[in-house]
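Nothing fancy with the numbering, it's 1 onward along the sequence.
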Amino acid sequence: MRQFPPRQLRRRSSLLLSLSCLAVLAACGGAEEGEDYSAYLSPFAAPSPVFASALEGIYSGISVGTTATALFLLTTPKYSQTPATIAWLQQFDPSVPGNATQDPLRSSGAAFAHAAGLTGSGQVIAMSDSNVSVTHEALTGRVTVVNTSAMSNNHGTSVASVAAGNSANFVGVAPGASILAGDFLSDPRLTQLGQAAIGAEAVAWNNSWGFTTLGLDQAGFNNAFNYGADGEAYLATLDAFAAQSVVVFSVSNDSLTNATLMDGLPYLRPTLEAGWIAVANGVPTFSGNTVSSVHLVSNSCWQAARWCLIADGSWNAATGPSNDYDPVTGSSFAAPQVSGAMALLAEAFPSLDPHELRVRLLASAEDGFFTPDDTVELAIGFNKGYSVIYGHGFLDIEAALKPIGGTAVTLAGGTQISTDAPVLLTGSAMGDAVEVSLAGTDVAVRDALAAGFVMPAGALTAGARPGAQAGKLLAKSLLGNLSAERSATPSALTDPFAEFSGPVLAMSSPDSEATAAILVPQGGGSAGVTVSRAVTDGSTRIELGVKLARDAGTVMSLDGENAAMMASVALGLTQSLGDGAFLALSGEVGLTDLGGSTAFGDTGSARFNAVKVAAGRSDIFSKGDRISIGVGLPVAIASGETTLDLPVMREGAAAFDSVALDLAPEDRQ
């Protein structure tokens, strides 16, 4: 082991409430945006994008709204304490904006996760730091100490409390997680803690410290790892842990022009990147619910930008051997927020590994307040821009718990269908029948980063609402050729293509006993042909018609795309009542193939029908006029069923099941 004075070699990335902070904080306003930072971009290719996991078991059901979150915070006293005011920070850095938000539990989205019932329960967070007060009320019973030193326990206790503290007076990011603690004063101690973390399958290894004298270059790397068995063993432990979980390092609190050795280590050793996150300390300013700017009170991300996040490292954290809480700020207390966030996500998405959880944190970070300097493919087909100054942006746990990118449902055969928009665009003849059939059923979907979510099955469809076809019929009646209609012989079968839009060419024999009509297709639209024959016996006129039609997706199709074939028979009866009055009755019955298939499989067939009754009278106001009024049931499915094979959620698990759909609407128009 190389011999260096510990305080010279390793620094803690934090600042406590004291005047000694002044010189450091005043220099930590960050760097200017808009400059050419290409020299700081990694010369190595990014790690291979993560693959979409085969999701099994529990799916996340995060659906807490802002109202529920606000109510949760208002009724939980420990959330109402201000950890550190802006005025407190401005004592040390006057350039901190006066309208900034100093509330890390809310600004990070941790409060949202808690309102949703997530605590990081069952997860282990390793941390290399100074001693931790295991008897502090915020940590008692949840800290396992691997090794200890003579260092003060204020810093380690504060870091642990931010990551996982919980008491009547305080709450950290993952209050249900446990801590595996050790110090950072020597390579053997770091190796011992890392090996214990590997054995405990810790989701993150938090490091709120760094080297003060070693640069991010080959000389610094050699000095840290290549001059003895202890350094090599520590590096091997970092390799092993980063291969299965995520190492979290705070950046320096000094305003530098480079990343430091440990937060930027993947810049020199690219194999570590997939398991590495660097964390800077910044104070956000919000515009509504969106981060509009971030004032850095630590070093920028620099060469670590591709794996860097920002969090608000100002807290009223646990300190000392007693149950005390004091204001603290620094990247030391930004880093454990990210480690705690890893624990929350691990609880929410148990089928995702830590590397996939890391990608979620990077992908969901708020980034609208900067212009990206470069992009990285975090997952197959999913690219994210990042800034050399701000990395991927400000930590947003709420966004990481919600779907990222588009969502899709996976069918039994492995086919994925996007659910960003309704998949089933049912025709007007079905009304809301499909939505009614799917009500109360939940299906499993996954987002662009392979996380599973619960979605109401009704969201798969956008059915026609009552009134859709009725409005169309009314419009057609008002726009028709009224002069021709009032001079024509009263008939029950007057509009054989009433359910369709488009021009109709009609013809009839001189005695009006035989008629034919063609629905002219336009731009690949619906088409049809019908013929009818009438028989008149005194005051009674009976009509029989047959119709073949192709619906382009507006009436009978289940998905709005596949054309449905229709065949029907219509019967009409017109009775003269004398003095120009008449009564007309008509009915239509038929079969349709519903378009043949949808994204979910074959649909089968269904029966449909329509009924109409009308009454009228001629020569009321003047010779040749006619007034008629009618009511009817437009074309609608009368009976028909189909099934969809969907990944149905029951009791927290997804299983493929056949969901039966009754295609006949309960309430016809």
[X] to [Y] - nearest heavy-atom pair and separation:
| X | Y | value |
| --- | --- | --- |
| Ala138 | Ala318 | CB-CB, 4.4 Å |
| Ile310 | Gly282 | CG2-N, 3.6 Å |
| Leu352 | Ala450 | CD2-O, 3.5 Å |
| Leu272 | Ala242 | CD2-CB, 3.9 Å |
| Arg106 | Tyr79 | NH1-O, 2.9 Å |
| Leu214 | Leu261 | O-CB, 3.9 Å |

State whether the side chain of [X] and the backbone N or O of [Y] hold a donor-acceptor pair below 3.5 Å, judged by distance alone.
| X | Y | result |
| --- | --- | --- |
| Tyr390 | Ala280 | no |
| Asn222 | Gln218 | yes |
| Ser298 | Asn281 | yes |
| Thr157 | Ser133 | yes |
| Asn299 | Leu256 | yes |
| Arg142 | Ala177 | yes |
| Glu356 | Asp353 | yes |
| Ser42 | Phe44 | yes |
| Ser208 | Ser332 | yes |
| Asp183 | Asn131 | no |

How far does [atom1] of [X] sit from [atom2] of [Y], to the nearest 0.5 angstrom?
| X | Y | atom1 | atom2 | answer |
| --- | --- | --- | --- | --- |
| Thr410 | Gln416 | OG1 | CD | 4.0 Å |
| Thr260 | Asp254 | OG1 | CG | 9.5 Å |
| His392 | Asp367 | NE2 | CG | 9.5 Å |
| Cys301 | Trp307 | SG | CH2 | 10.0 Å |
| Asn206 | Asp129 | CG | CG | 7.5 Å |
| Leu235 | Leu265 | CG | CG | 7.0 Å |

Non-hydrogen side-chain atoms of [X] and [Y] separated by less than 4.5 Å:
| X | Y | result |
| --- | --- | --- |
| Leu362 | Leu309 | yes |
| Val145 | Val132 | no |
| Leu361 | Met342 | yes |
| Asn166 | Val171 | yes |
| Thr144 | Ser178 | no |
| Gln195 | Thr237 | yes |
| Leu238 | Phe225 | yes |
| Pro104 | Trp315 | yes |

Does a side-chain N-to-carboxylate-O contact under 4.0 Å join Asp447 and Arg360? yes

Residue pairs, two or more places apart or on separate chains, that pass side chain to side chain donor-acceptor pair (under 3.5 Å) and touch residues 265-277: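 Only Asp239-Arg269, Glu273-Arg306 qualify under side chain to side chain donor-acceptor pair (under 3.5 Å).
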
Apply side chain to side chain contact (heavy atoms under 4.5 Å, CB included) to Asp230 and Thr191, showing your working. CA-CA 8 Å; Asp230 290 342; Thr191 299; over 6 Å; no

Less than 3.5 Å apart, which donor and acceptor atoms pair up between the side chains of residues 375-382 and the rest of the protein, not counting sequence neighbours?
unit_1	atom_1	unit_2	atom_2	d
Glu377	OE2	Gly381	N	2.9

Checking Gln90 now: which residues fulfil side-chain contact (heavy atoms from CB on, under 4.5 Å) with it, not counting sequence neighbours?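 So Gln90 forms a side-chain contact (heavy atoms from CB on, under 4.5 Å) with Ile86, Val96.
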
Under 3.5 Å, is there a donor-acceptor pair between the Ser167 and Asn169 side chains?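 Asn169 and Ser167 do not have a side-chain donor-acceptor pair below 3.5 Å.
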
Side-chain donor-acceptor distances from residues 117-126 under 3.5 Å, at least two apart:
unit_1	atom_1	unit_2	atom_2	d
Thr119	OG1	Ser121	N	3.3

Are His155 and Phe333 close enough that their ring centres sit under 6.0 Å apart? yes

Would you say the rings of Phe369 and Phe286 are close, in the sense that their centroids are separated by under 6.0 Å?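 No - the distance between ring centres of Phe286 and Phe369 does not fall below the 6.0 Å cut-off.
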
Set out, in order, the CA-CA distance, both residues' side-chain angles and the distance that settles side chain to side chain donor-acceptor pair (under 3.5 Å) for Thr101 and Asp103, then state yes or no. CA-CA 6 Å; Thr101 299; Asp103 199 349; over 6 Å; no

For Leu216 and Gln303, run side chain to side chain contact (heavy atoms under 4.5 Å, CB included): C-alpha distance rounded to whole Å, both residues' side-chain angles, the deciding distance at 0.1 Å, then the answer. CA-CA 9 Å; Leu216 184 60; Gln303 292 94 333; 3.8 Å; yes

Pairing residues for His136 by the side chain to side chain donor-acceptor pair (under 3.5 Å) criterion, not counting sequence neighbours: none

Those residues that, when tested against Ser48, pass side chain to side chain donor-acceptor pair (under 3.5 Å) (two or more places apart):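 Ser48: no side chain to side chain donor-acceptor pair (under 3.5 Å) contacts found.
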
Assign the ring pair Phe184 / Trp209 to parallel, tilted or perpendicular, where the plane angle (0 to 90°) is split at 30° and 60°.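 Because their plane-to-plane angle is under 30°, the rings of Phe184 and Trp209 count as parallel.
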
Checking Gln102 against Val283 for the side chain to side chain contact (heavy atoms under 4.5 Å, CB included) test, could you report, in this order, the C-alpha distance in whole Å, the side-chain angles of both residues, the deciding distance, and whether it holds? CA-CA 7 Å; Gln102 192 68 68; Val283 184; 4.0 Å; yes

Carefully, step by step, assess Tyr386 and Leu41 under the rule side chain to side chain contact (heavy atoms under 4.5 Å, CB included). CA-CA 10 Å; Tyr386 64 90; Leu41 301 177; 3.8 Å; yes

When Ser339, Ser245, Ser128 are each screened for side chain to side chain donor-acceptor pair (under 3.5 Å) with Trp205, the one that passes is Ser128

CD/Glu201: more than 12 non-hydrogen atoms of other groups inside 6.0 Å: no

